[in-house]
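First comes the structure, then the notes that go with it.
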Amino acid sequence: MSTSGGPRILSDNLVLCLDAHDAKSYAGEPTTNLSANSDYSGVTLDSINSSSNGGWGSTFDRWVSLIEGPAGKKVRAFHLKLTGTTSGAHAEGAPYNLSGMDSQYGTLTAGSTYTSSVWAKVIRANGSTTPHTESNLMYLVGQQNVSSPTQTVNTEWTKISCARTIAAGQTGDYRLRHYFYSAGVGDTLVIAEPQIELKGYATPYVYSSRAYNTSWQDRVSSNYAAFYNEALTRTGHYRDGQVILPINSSHLDFDGSNDMVTFSNDAGLFRYTPSGSTYNNSLTIEAWFRINNNDSGNIISYPWNGNGEYNWRLLDTSVIFSGAGSVSISGVNDGNWHQLVATATSTTVKAYIDGSLSGTTNHTSEYTGPTHGVTAHSFAIMTLYPYGTWAAGNTGFSTDGQFAIARIYNTELSAAEIKQNFNAQRGRFGI
C-alpha cells in the first residue's frame with residue numbers, strides 16, 4: 001500500500017490487479033478455531049468468581065473484563081488473580097468457571113496435532129515489569145489432561161503457543177484451562193483470544209473459522225484466479241479489516257512442487273500481438289515475488305492451454321513475448337523480494353528490475369496468434385509447467401518462492417511510471 005503523501009500506484013489502463021495484502025482481493029489464510037466461544041461472550045463482565053485450592057493453600061479470583069487488547073483493540077479478557085497463599089503461589093481457572101459461559105469444548109481427534117495459542121500478559125501487584133515464566137499456562141483438559149511447556153509472558157501482550165498431539169484412543173472434547181504458578185499475592189494473569197488449530201503453527205486470532213477461499217479476486221473485474229493447491233497459503237497471515245497482516249507475510253507461498261494459481265479469462269485482455277489486429281499491441285506486466293529455488297519455472301505467464309504455444313512469459317532468467325526475442329535478466333533469483341516489469345509494444349520489448357531498465361530487444365518476427373487454432377488459454381502465477389494443461393506431475397519447470405502482486409496494464413508504462421509503482425510499495429517488501 002502506498003503511504004499518505006508518497007508515490008501512488010498507477011490505476012489508469014489497469015486491466016488486472018491481484019494483491020495478497022488487499023483483503024478485497026485475497027481473504028487471508030484459512031483458519032478454524034476449535035476453542036468454542038473464544039471471545040467469552042455471554043459472561044457477566046466484571047463479576048468476580050472466588051475460589052481456592054486447599055492443597056496449595058491458595059485463594060484466587062476469576063473474572064472477565066472488556067479491556068484494551070493486542071494492537072489496541074477492545075477484547076473480553078479472562079483475569080486470574082492470586083489473592084492469598086500459605087504454602088504455594090498458585091491460582092487456576094478458566095472462563096468456563098464463570099456464570100454465563102458455555103462449556104468452551106472443542107472436539108479433538110486422537111493422533112492429530114493441534115496448536116493452542118492465546119494472547120497473555122501479567123500484571124504485577126508491585127508495578128514491576130518482571131515477566132512471568134512457568135508451565136501449564138495453556139493446560140488442555142478433557143478426554144485426557146495434557147500439560148503445556150514452560151513459556152514466558154510479559155507485562156505487555158504476548159502471543160504464546162504450543163503444539164500437542166492427542167494420544168491414541170483419546171478422541172473427545174477438550175478445553176483450555178490456565179494455571180498461574182510462582183505468582184505473588186495480588187499478581188494477575190490476563191488471557192484473551194484463545195485458539196486451538198489443527199495445524200503446525202499458530203495464526204493470529206480468528207473467532208470461529210475462516211473457510212478456505214479457492215480464489216484470488218482481480219480488483220479491476222469480478223474475475224478470480226483459482227488456487228491449484230491450497231497449501232500455498234501456509235504463510236501464517238490473517239485478515240484485519242481490509243488488509244492482510246502481518247505485512248511481511250501478506251503473500252502466497254509456493255512450494256515448487258504442486259502449487260500454482262491460474263486465471264481463466266476469455267476476454268483476451270492479456271493476449272498480445274505486435275500486429276495489433278485482434279489483441280493488445282501494447283502491454284505492461286508487473287510482478288512482485290521472492291524466489292527460494294527456481295528451475296527456469298514461470299514467475300508469471302500467459303500461455304495457450306494446448307499445443308505448446310504461449311503469449312508471454314516472465315522467468316527468473318528472461319522475459320519472452322511471442323514474436324519477440326528474449327530479454328535476458330539476472331539478479332532476481334537471490335532469495336530477496338523484487339519487482340519485475342515487462343513492457344511490449346509493436347516494436348520493442350523491455351524488462352525492468354526494481355524500477356530500473358534491465359534490457360531491451362526488438363521483435364524478431366510478427367506473432368498473430370496460435371497456429372493450431374487453440375482459443376482456450378490461462379493466465380498463471382508460479383506455474384508448474386509453462387505449457388499444456390498444467391499437469392500436476394510435471395515439475396520440470398517448478399518455482400519455489402513467494403508471490404504478492406500481479407498487475408497488467410493495456411499500455412506501455414514509461415520508465416518513470418514503473419519507478420513510481422516501485423517506490424510506492426518498496427517499503428512493504430523491505431527494499
Quick one: are the ring centres of H90 and Y179 less than 6.0 Å apart? yes
Are T59 and S52 linked by a side-chain donor-acceptor pair shorter than 3.5 Å? no
Heavy-atom side-chain contact between V64 and T44 under 4.5 Å: no
Using side-chain contact (heavy atoms from CB on, under 4.5 Å) as the criterion, point out the one residue from Q425, R426, Q339, H338 that pairs with I431. R426
Could you verify whether a donor N or O on one side chain and an acceptor N or O on the other, from S58 and N53, lie under 3.5 Å apart? no
Measure across R8 and A424 and return the closest heavy-atom pair with its distance rounded to 0.1 Å. C-CB, 4.1 Å
State, with a plain yes or no, whether a side-chain heavy atom of Y174 is found less than 4.5 Å away from one of Y105. no
Verify whether one side chain among S50 and D61 offers a donor that lies under 3.5 Å from an acceptor in the other. yes
Distance flag, aromatic centroids of W288 and F429, threshold under 6.0 Å: yes
I408 vs L14, side-chain contact (heavy atoms from CB on, under 4.5 Å): CA-CA, chis, key distance, verdict: CA-CA 6 Å; I408 299 179; L14 188 64; 6.0 Å; no
In sequence, state the C-alpha distance, the side-chain angles, and the governing distance for Q402 and D253, and then conclude on side-chain hydrogen bond (donor to acceptor under 3.5 Å, both in side chains). CA-CA 5 Å; Q402 293 78 45; D253 190 5; 3.0 Å; yes
Taking all non-hydrogen atoms of both residues, which atom of T107 and which atom of L34 are closest, and how far apart? O-CD1, 4.4 Å
Between the CH2 atom in W337 and the CD1 atom in I291, the distance rounded to the nearest 0.5 Å is 10.5 Å
Do we see a donor-acceptor contact under 3.5 Å between the side chains of S65 and D46? yes
All heavy atoms of L340 vs all of I353, minimum pair found to be CD1-CG1, 4.2 Å
Considering only heavy atoms from C-beta outward, does the side chain of V146 approach that of T165 to under 4.5 Å? no
Compare all side-chain heavy atoms of L189 with those of H79 and state whether any distance is below 4.5 angstrom. no
So is R175 actually on top of Y96's ring, under 6.0 Å and inside 45° of the axis? yes
Dump the intermediate steps for side-chain hydrogen bond (donor to acceptor under 3.5 Å, both in side chains) on S182 and E134, then the final yes or no. CA-CA 7 Å; S182 305; E134 264 295 350; 2.7 Å; yes
4.5 Å side-chain heavy-atom contact, Q195 and V118: no
For the backbone of S250 and the side chain of R428, can you confirm whether one donor and one acceptor N or O come within less than 3.5 Å of each other? yes
Give the C-alpha distance, both sets of side-chain angles, the deciding distance and a yes or no for side-chain contact (heavy atoms from CB on, under 4.5 Å) between N97 and W63. CA-CA 9 Å; N97 294 127; W63 72 93; over 6 Å; no
Output yes when a side-chain donor or acceptor of R219 lies under 3.5 Å from a complementary backbone atom of L16, and no otherwise. no
Looking only at heavy atoms, which two atoms of A77 and I67 are closest? And how far apart? CB-CD1, 3.7 Å
Check whether T86 reaches the backbone of G57 with its side chain - one donor and one acceptor, N or O, closer than 3.5 Å. yes
Using modelled atom types only, decide if a donor and an acceptor are shared between the side chain of S25 and the backbone of D19 within a distance under 3.5 Å. yes
Any side-chain donor paired with an acceptor under 3.5 Å for S116 and R164? yes
Strictly below 4.0 Å, N to O, side chains only: are E68 and K74 in salt-bridge contact? no
Checking side-chain contact (heavy atoms from CB on, under 4.5 Å) for the pair N145/L140: CA distance, chi angles, key distance, verdict? CA-CA 6 Å; N145 293 331; L140 203 57; over 6 Å; no
Taking N154 for its side chain and E156 for its backbone only, find out whether a donor-acceptor pair lies under 3.5 Å. no
Test item: side-chain donor near acceptor, Q104 and N37, under 3.5 Å: no
Hey, are N421 and Y409 close enough side-chain-wise for a donor-acceptor pair under 3.5 Å? yes
Any donor and acceptor pair, going by atom type alone, linking the side chain of T115 with main-chain N or O of K199 inside 3.5 Å? yes
Please determine, by modelled atom types, if T85 and W56 share a side-chain donor-acceptor pair under 3.5 angstrom. no
Minimal non-hydrogen separation, G355 against I418, with atom names: CA-CG2, 4.3 Å
Contact between L283 and E412 at the side-chain level, heavy atoms closer than 4.5 Å - yes or no? no
Do N136 and Y181 make a side-chain contact, defined as non-hydrogen atoms from C-beta onward lying under 4.5 Å apart? yes
Going by distance alone, is a donor N or O of one side chain under 3.5 Å from an acceptor N or O of the other, for T133 and T152? yes
Donor-acceptor contact below 3.5 Å, side chain D218 vs main chain N223: no
Taking H237 for the side chain and P246 for the main chain, is one N or O donor matched with an acceptor at less than 3.5 Å? no
Show your reasoning for whether side-chain contact (heavy atoms from CB on, under 4.5 Å) applies to F78 and V190. CA-CA 6 Å; F78 174 68; V190 186; over 6 Å; no
Value for CD (Q217) from CG (L18), rounded to nearest 0.5 Å, stands at 9.5 Å
Keeping Q144 on the side-chain end and A167 on the backbone end, is there a donor-acceptor pair under 3.5 Å? yes
If you round to the nearest 0.5 Å, how far is CZ of R290 from CG of N333? 13.0 Å
Heavy-atom closest pair (F60 atom, T83 atom, distance to 0.1 Å) is N-OG1, 3.4 Å
For the aromatic rings, using the six-membered ring if either is Trp, is the centroid distance between H132 and F180 under 6.0 Å? yes
From NZ (K81) to CD1 (I123), nearest 0.5 Å: 9.0 Å
How far apart are the C-alpha atoms of K73 and E193, what are their side-chain angles, what is the distance that settles it, and do they pass the salt bridge (charged side-chain N to carboxylate O under 4.0 Å, His left out) test? CA-CA 12 Å; K73 60 184 176 180; E193 301 185 341; 3.2 Å; yes
Within the 6.0 Å centroid threshold, strictly below: Y26 and H251: no
T284 side-chain N/O to T411 backbone N/O, donor-acceptor pair under 3.5 Å: yes
How long is the gap from OG on S318 to CG on D316, to the nearest 0.5 Å? 8.0 Å
Contact check, side chains of R124 and T130, non-hydrogen atoms, under 4.5 Å: yes
When rounded to the nearest 0.5 angstrom, what is the spacing between CG in L98 and CD1 in I48? 10.5 Å
Are a donor atom and an acceptor atom from the side chains of Y205 and S38 found within less than 3.5 Å of each other? yes
Are a donor atom and an acceptor atom from the side chains of N33 and S35 found within less than 3.5 Å of each other? no
